[in-house]
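One structure is given here, and the rest of the page talks about it.
All values below were derived from every heavy atom in this structure, side-chain atoms included, with hydrogens, water molecules and symmetry-related copies excluded.
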Amino acid sequence: GDRINPNFEFASLKVGTKVVAAIDGVIGFVKEQPESKDYEVFLQPKENSKWTVGYDHLVNVTVAQGAMVKAGDVLGEPAMQNNGLTRFE
């Protein structure tokens with residue numbers, strides 16, 4: 001069927017704010033994004049799941065592909081943007 005991809009953006013966060021896992025699961029991948037100089041992290045409830053929670057624009061990433069995480073585990077911090085504010089999606 002149709003793919004639904006809701007996107008929430010959190011901006012104007014304090015430097016050093018911790019971004020945490022919303023669910024228990026496995027890190028599907030961590031991708032470096034050279035254009036924005038930060039990372040994208042995909043968290044799935046189980047390996048190869050069609051369901052994914054994506055975290056875009058993270059720095060100081062604390063997880064790697066294949067890592068098992070629990071809800072509340074720290075994944076990283078929001079990245080600094082060109083406007084001087086930190087944010088992640």
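- At a threshold of 4.5 Å between side-chain heavy atoms, the hydrophobic network of Ile, Leu, Val, Met, Phe, Trp and Tyr places Val19 and Phe8 in one connected group.
- Atoms CD and CG, on Glu89 and Leu58 in that order, are 10.5 Å from each other to the nearest 0.5 Å.
- For the pair Val74 and Val63, the tightest heavy-atom approach, listed with the atom from each and the gap, is O-CG1, 4.1 Å.
- When all heavy atoms are compared, the tightest approach of Glu40 to Asp56 is CB-OD1, 3.8 Å.
- Under a hydrophobic clustering in which Ile, Leu, Val, Met, Phe, Trp and Tyr are joined whenever their side-chain heavy atoms come within less than 4.5 Å, directly or via other members, Val53 and Val20 fall into different clusters.
- Here the CD-CD1 distance, from Gln44 to Ile27, works out to 9.0 Å after rounding to the nearest 0.5 Å.
- The shortest heavy-atom contact between Val26 and Met68 is CB-SD, 3.7 Å.
- Distance check, rounded to the nearest 0.5 Å: OG of Ser49 to CG of Leu43 gives 10.0 Å.
- Pairs engaging residues 28-51 under the ring-ring contact (aromatic ring centres under 6.0 Å, His included) rule: Phe29-Phe42 [sequence neighbours left out].
- Smallest separation of non-hydrogen atoms from Pro78 and Leu13: CG-CD1, 3.7 Å.
- Heavy-atom contacts from other residues, nucleotides or ligands closer than 6.0 Å to CD of Glu47 number 12 or fewer.
- In this structure, Ala71 and Ala22 approach most closely via the heavy-atom pair CB-O, 3.9 Å.
- Once rounded to the nearest 0.5 Å, the distance linking CG of Asp38 with CE of Met80 reads 12.0 Å.
- Atom CG of Asp73 and atom CG of Asp24 lie 8.0 Å apart (nearest 0.5 Å).
- Pairs of residues two or more places apart, or lying in two chains, that qualify as ring-ring contact (aromatic ring centres under 6.0 Å, His included) and include a residue from residues 53-89 are Phe10-Phe88.
- Here NZ of Lys18 is found 8.5 Å from OG1 of Thr62. Values are rounded to the nearest 0.5 Å.
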